[in-house]
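The block underneath contains the structure these notes are about, expressed in structure tokens.
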Amino acid sequence: MDEICLRDGEDSEWRESARWLKFEEDVEDGGERWSKPYVATLSLHSLFELRSCIINGTVLLDMRANSIEEIAEMVLDHQELYSPLGDDLRKKVRETLLKQHHHQNQKKLANRLPIVRSIADMGRRASELHLDKNGQLTASQSQLAGPDGKGDISRENSAVDFSKIDLHFMKKIPPGAEACNVLVGELEFLNKPVVAFVRLSPAVLLNGLAEVPIATRFLFILLGPLGRGAQYHEIGRSIATLMTDEVFHDVAYKAKDRNDLIAGIDEFLDQVTVLPPGEWDPSIRIEPPKNVPSQEKRKKSNLLPNGLVEGEEEDEDSGHGGPELQRTGRWFGGLILDIKRKAPHYLSDYSDAISLQCVASFLFLYCACMSPVITFGGLLGEATEGRISAIESLFGASLTGIAYSLCAGQPLTILGSTGPVLVFEKILFKFCKEYGLSYLSLRTCIGLWTAFLCILLVATDASSLVCYITRFTEEAFASLICIIFIYEALEKLLHLGELYPFNKNNNLDKLTTYSCACVEPSDPTNGTVKFWEVNNITASEIYWEALEVKDCIEKRGEFVGTACGPQGPYVPDVLFWCVILFFSTVVMSAFLKEFKFSNYFPTKVRSIISDFAVFITILTMVLVDYALGIPSPKLKVPNVFKPTRDDRGWLISPLGPNPWWTAVITVIPALLCTILIFMDQQITAVIINRKENKLKKGCGYHLDLLMVGIMLGVCSVMGLPWFVAATVLSITHVNSLKLESECSAPGEQPKFLGIREQRVTGLMIFMLMGSSVFMTSVLKFIPMPVLYGVFLYMGASSLRGIQFFDRLTLFGMPGKHQPDFVYLRHVPLRKVHLFTIIQLSCLILLWVIKTSRAAIVFPMMVLALVFIRKLMDCIFTKRELSWLDDLMPESKKKKLEDAEEEEEQSILAEDEGVVQVPLGGYKGIPIINITDEMSKGSFGNTWNAND
């Protein structure tokens, strides 16, 4: 918004006073800088006066002009028709409109070197702009985006001096933006106002009018007599703020006449909230909100004539009962539809991965996936006496992950190992050992049966049952997995206290007397004696005191001395340093991840730091640990690619030495495995595919299950562990690939656009994992406490957005301090608490089963959650469940039937002659003219007094 104050004998110019890109920015007193963006607050009186200006002033729609001179002539010509100024005044007003414009950035840019840039290129860019309907507009520097997507921009008179352009501000403007220039001022020679609202067609690049070279679509001119500058300023702010309004923005573009503009102002007035003057300070600047509410309901207002604004259909269903989960009734019908749905996006799944964000994602997830896979392999090796161990786990994860990333329906899902699988393997090995059966062969039979049953589920469209998994089940399952991640990270840290215990017998005065020596066992156990005999060790011939710690432990010696712990000498500093590494990793990861919301550094730098947060943290901790040289426990990766045991190969016979009937009887444990695989896979897939993530390429539940089933069979034949969707890793993967709007107005929070859907990150994670055998020289420097800290961070960050934890906090919170959650507006608090208690009870039950010997039935209990949720229909109403949870499929169907019945009843009522009184709506200017009421004020009488 540019303002001018012209008195006789003074040489004035248009000076920039405010701008709107989304929120208002003012030139601070002294004119040295722009203010911090804030939400514009307008006086109700200024809005009524603006309405009077539109009713009584000049309105020119779709004017064709190429320069400010032509616009001035056409505005003044129109003024002469209704309220002549006279030749002398007309000349002075024209000279005023053509005066030079002084921009705030000119002083700041005065000392910079000129930037040479092709004017033709700039014009070409302007003509090729993709106009975005949601790009916001503003005054003098009000940027508008055309809603029709037409790049009708005139490039005449485009001799732009780019040395005077604020390129930093230019980056904030969305592609296709157009300007609305507001010119207000007080002129000494005028005795009545000159008001004009102009819409140009095509938009024109008017040199010097705006501080950035953006085509102008709208102009609002208000020039009046001296003494009312503050009033003109407020009216200018009002029109500029209206032009940033999403609904009036559409009205301004599509208005056919003056009445449409007035209807748009009236709709805006209908939505205005008035703050009492005695309870609020107008000088307070309101901070821009984090989330701007949707304006779709306003677009359906009866106050607006049809066709002025186009609202989008709002999808009220937040569940996941889309067409991909509809039963087809044909063999492999769902799978075929999944393939048809995903095939058109397959190439883009690779091209969309060209981004630094993807590099940061797979480096982070690679480090996060490595440790659990190796740990799982180590535990499996202990349980199976080395038949399946770390190298098999690495190979299996890499093989399964690569195949899944290449062919799955939802490649954002990350595969990993699960606790129930480990419990099943332990039980199976113990059974085979007791009955003299070959463990690997029996396991292969079970795996092949499980793969067959998974493919059978795909063939029968069994994945359509996923629609019964509502938010209640999802959140209970996801919360449990997140809590387990946090619990196990802390448990592993505490376990380091056993390996590196505190020396609680310290006496500072006797530090010089502390020692720990290796000596011959005074009373060796039978196992020690046997070990010596087998290895031809003669205890009396060994000089025990000279042995190092490692040799003493190998030869079964004893440690004696005040500096000795239960398992050897006390190692100073290690446990303390591990704790520091652990919590430093958590804090630094969280801090860097949130760094993009800080006020330091440019937006791009903050974004890169945020994307690489965890990788930067791991790298920093590794370097610090290496520099200090404290012997903290490190990541151990197999360095030879061969089976752990020499008596097995990479292919396992399904029968082997086992009897033939074992191939048939193994279908029974395979049923249990199938339920485990199905529930783990599909619940995780449901969480990833929720509509909140705004996925655009569709999902593929059937295709996902098919790939998991096929690879489960392959891993069984090769004697590798089984892998299925890992909930926390998948959620973390999705969170690391969030897309936000790159171009945002000053003060505006970036908008969440969706997820970067691609296959490359998952593919790279598992390819790197497979090649880890050849990278041991680098990986051996990663301290385990750092990885434990990453686990804690992933578990804690995955809990964000889970409604269950928000509801838990309500128990200890007084009503007046409770957040304004939307479900609290529609559901009684006691019902909210009851729902939370039921969900918490289910979570505790799942935790008890998961951590007990009965973990093998864990998938059955997860399945039971669906039935528990079904029973809750008897306790809660459908309305309450629609706010607290997703509706079950039958309830959704009933809801649609009820809506149809209501529509039929309304039609019958009309046929029977029932008169329904409309709440509002009119064509043209309303009968009760607000302006007539306000004309008793100061500005409304100006036209009447001078006519």
Salt bridge Glu70-Arg64, side-chain N to carboxylate O under 4.0 Å: no

With heavy-atom distances below 4.5 Å as the criterion, would you say the side chains of Ile284 and Tyr38 are in contact? no

Between the CG atom in Leu42 and the CD1 atom in Ile235, the distance rounded to the nearest 0.5 Å is 11.5 Å

Side chain Arg217, main chain Arg199, donor-acceptor under 3.5 Å: no

Salt bridge or not for Glu95 and Lys92, using N-O below 4.0 Å? no

Leu242 versus Phe220: any side-chain heavy-atom pair under 4.5 Å? no

Rounded to the nearest 0.5 Å, the CG atom of Leu206 sits from the CG atom of Leu200 at a distance of 6.5 Å

So which heavy atom on Gln100 is nearest to which on Glu13, and how close? O-CB, 3.4 Å

What's the shortest heavy-atom distance between Val204 and Ala65, and which atoms? CG2-O, 2.8 Å

Do you know which two heavy atoms are closest between Val39 and Pro288, and how far apart they sit? CG2-CA, 3.9 Å

Do you know the tightest heavy-atom contact between Gly86 and Glu80? N-OE2, 3.8 Å

Are the side chains of Ile262 and Arg51 in touch, meaning some heavy atoms are under 4.5 Å apart? yes

So, the side chain of Ser35 versus the backbone of Asp26: is there a donor-acceptor pair under 3.5 Å, distance only? yes

4.5 Å side-chain heavy-atom contact, Leu89 and Phe189: yes

Could you tell me whether the side chain of Ile68 reaches within less than 4.5 Å of the side chain of Thr216, counting heavy atoms only? no

Enclosure of Asp257 CG (heavy-atom neighbours >12, cutoff 6.0 Å): yes

Would you mind checking if Arg228 and Glu186 are paired as a salt bridge, meaning a charged N to carboxylate O distance below 4.0 Å? no

Between Lys22 and Glu246, does any side-chain N to carboxylate O distance fall below 4.0 Å? no

Report the C-alpha distance between Met74 and His78 in whole Å, list the side-chain angles of each, state the deciding distance to 0.1 Å, and finish with yes or no for side chain to side chain contact (heavy atoms under 4.5 Å, CB included). CA-CA 6 Å; Met74 296 178 75; His78 194 274; over 6 Å; no

Kindly compute the distance separating CG (Leu226) from OH (Tyr232), expressed to the nearest 0.5 Å. 8.0 Å

Is there a side-chain contact between Gln231 and Val184, using heavy atoms and a 4.5 Å cut-off? no

Please examine the side chains of Phe197 and Leu61, heavy atoms only from C-beta on, and report whether any two atoms are closer than 4.5 Å. yes

Give the intermediate values and the outcome of side chain to side chain contact (heavy atoms under 4.5 Å, CB included) for residues Phe48 and Leu269. CA-CA 9 Å; Phe48 287 136; Leu269 283 167; 3.8 Å; yes

Nearest heavy-atom neighbours spanning Ile214 and Ala179: CG2-N, 3.8 Å

Arg606: what forms a salt bridge (Lys or Arg N to Asp or Glu O under 4.0 Å) with it, not counting sequence neighbours? none

Check for a donor-acceptor pair, side chain of Arg237 on one end and backbone N or O of Thr41 on the other, with a separation under 3.5 Å. yes

What class does the angle between the rings of Trp14 and His101 fall in, given that below 30° is parallel, 30 to 60° is tilted and above 60° is perpendicular? parallel

Output the distance between atom CZ (Arg285) and atom CD (Glu24), rounded to the nearest 0.5 Å. 8.0 Å

Please round to the nearest 0.5 Å and tell me the distance separating atom CD1 of Ile54 and atom CD1 of Ile239. 5.5 Å

Any Leu60 side-chain heavy atom under 4.5 Å of Ile71 side chain: no

Looking at NZ of Lys99 and CG of Asp2, how far apart are the two atoms once the value is rounded to the nearest 0.5 Å? 14.0 Å

Which atoms form the tightest heavy-atom contact between Ala215 and Leu205, and what is the distance? N-CD1, 3.8 Å

